[in-house]
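Owing to the predicted nature of the structure, the values given are computational and were not obtained by experimental measurement. Order of appearance sets the numbers: ligands from 1, and atoms from 1 within every ligand.
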Amino acid sequence: MASNGNSTTVIRNGTLIDGAGNPAKQNEAVVIEGNRIRSVGGLPPDVNLEDRDNVQVIDASGRWIMPGLIDGHCHLSFGFPHMPGVPSARGTTSPEFSTLRAARNLGKILRSGVTSIACPGGTWFIDVALRDAVEAGLIEGPRINCAGRFIATYGSILDNEPSWVGTPEHALAKLCNNVSDMITEVRRQCKHGVNFIKMADSQYGETQTISKEELAAVVEEAHRRNVPVTIHSRGAGSTRAAAQAGVDWILHADLAGEEDLDAVAEAGCRLVPTATALQRAIELGVQSGRSERELDRVRRHIEAGAFVLQRSRELGIKVLCGTDTGNSPHMHYGELHANEAELLVKHGGYTPMEAIQACTRDNAYVVGLENQVGTIEEGRLADIILLDADPLADIRVLQAGRHVAMVIKNGKAVDLERGRSDEDPLAFQPVSF
Ligand SMILES: [Zn+2]
């Protein structure tokens, strides 16, 4: 444990990858005081490594030191994983049960080296409660920055309850078919403490389901309350319209063309492509619950998305890393949070260093902690991981916590063994459809 009441922790040796893009270098001393990084580089003269009562020394020889990973797109309260014997109505059960399950999932995320997540959409206000419980120290987990239910219109993704059911509170979306309903919902969600607003366009970008005027109204209302806005947008037109309306970051954007990306660049809007979920669907094939026809569509989106990645890099658009973990029974907690970095390298032509920056420093934006987390620099919050292999040599080293030797969040080491047992009720269960 890093903090037996010790106020100072010193990480000696190892190779430092600072998240800011500086070349990896041999580390002398990263000094943590309380929950912040006090210094990086030489050992300050007043720190006495022999003072074992007050100074904890971690020897990182042979290891790589990095900022904690950030998943910019992770859902906590969609009701996954399914559990045998636990009833689930369309993926959800009671808010009480869902909250407890989600709390347990948080431990898996943290132990895989992920110290912050952005949650664009959840059921009820479960994610808000989880965020506050982590912050209050009630439960263990990554820092959470969250939206509420998606704001959707007829035809938007996840307005998928049957017509005779409508959109009950357990639904993933709140149906709002005009500006007035949207503003009311933005206000309601702000009142209940969301960090940002999530809108939802059509599932595959078939049509633009939210009008320009509606996008602008939501952005204006949310921004006036100092709350940023994101959108699920795969279509070309919806992506361009969202950027022009002042949406802060766009999720997916797969079908965006040259001119749409010009609009994104001009607006200074960020992109979170989230190719991981598409990639996972292809890997699983029909096991993912998709038909061959839908899988073909997914393949086309991956191809189109590769252009978006490459062109965005050329245009200097900030591309962030999100995975959509928790959006389906196949997107397991603790396993996929760093997979997007590999796709940036493989499909987008990003260097491993650029991909690391995307899932650390640049991702700090979507968790509302820019210049607070995501880099190992003086004054930053002490969210740090140690790896036993070099992620610059193989970016997959970041995945599934396989090479995570230590996780420090907010200055404290996480007990990696806790919660790792043979009897894990949340272990993956094959699901039949
Ligand atoms: Zn999602």
Side-chain angles (χ1 to χ4, degrees), residues 70-81 90-92 98 102 105 109 114 116-124 126-128 130-131 142 144-152 156-160 170-174 189 194-205 209-210 228-235 238-239 242 247-255 270-281 284 288-290 294 297-298 301-302 305 308 319-340 343 359 363 365-367:
I70 301 173
D71 188 342
H73 188 163
C74 176
H75 299 288
L76 294 174
S77 55
F78 281 16
F80 301 121
R90 298 179 56 76
T92 63
S98 285
N105 285 329
I109 300 172
V114 177
S116 299
I117 53 174
C119 307
T123 49
W124 295 282
I126 289 176
D127 300 8
V128 172
L130 294 168
R131 176 198 67 199
I144 295 169
N145 204 48
C146 63
R149 289 160 69 192
F150 301 8
I151 291 180
S156 292
I157 185 173
L158 295 180
D159 167 39
N160 53 10
H170 75 250
L172 305 176
K174 170 80 181 169
Q189 293 195 7
V194 302
N195 300 106
F196 60 96
I197 298 294
K198 162 81 177 274
M199 288 188 280
D201 198 75
S202 57
Q203 181 166 10
Y204 284 110
T209 62
I210 305 180
V229 178
T230 187
I231 186 169
H232 166 105
S233 164
R234 292 197 185 275
S238 58
T239 295
V247 166
D248 299 274
W249 68 94
I250 296 173
L251 304 170
H252 308 297
D254 325 348
L255 303 181
R270 270 87 163 163
L271 293 185
V272 186
T274 318
T276 301
L278 299 174
Q279 193 68 37
R280 182 93 178 123
L284 289 166
S288 73
R290 290 170 178 83
E294 197 176 352
R297 183 171 223 169
V298 170
H301 277 264
I302 290 177
V308 171
V319 170
L320 312 181
C321 284
T323 63
D324 237 332
T325 290
N327 79 342
S328 78
H330 309 289
M331 300 293 289
H332 308 150
Y333 296 101
E335 292 186 22
L336 303 163
H337 305 286
N339 285 28
E340 192 79 2
L343 299 178
C359 58
N363 258 3
Y365 179 77
V366 285
V367 293

How far apart are the C-alpha atoms of His301 and Tyr204, what are their side-chain angles, what is the distance that settles it, and do they pass the ring pair (Phe, Tyr, Trp, His ring centres under 6.0 Å) test?
CA-CA 8 Å; His301 277 264; Tyr204 284 110; 5.3 Å; yes
So do Val272 and Asn363 actually touch side chain to side chain, heavy atoms under 4.5 Å?
no
Side chains of Asp71 and Thr325: does their closest heavy-atom pair fall under 4.5 Å?
yes
Anything protein N/O/S under 2.8 Å from the Zn ion (ligand 1)? Just list residue and atom, please.
His73 NE2, His75 NE2, Asp324 OD1
Checking [Y] against [X]: is there a side-chain donor and acceptor pair closer than 3.5 Å?
X	Y	answer
Ser77	Asp127	yes
Asn327	His75	no
Thr323	Glu340	no

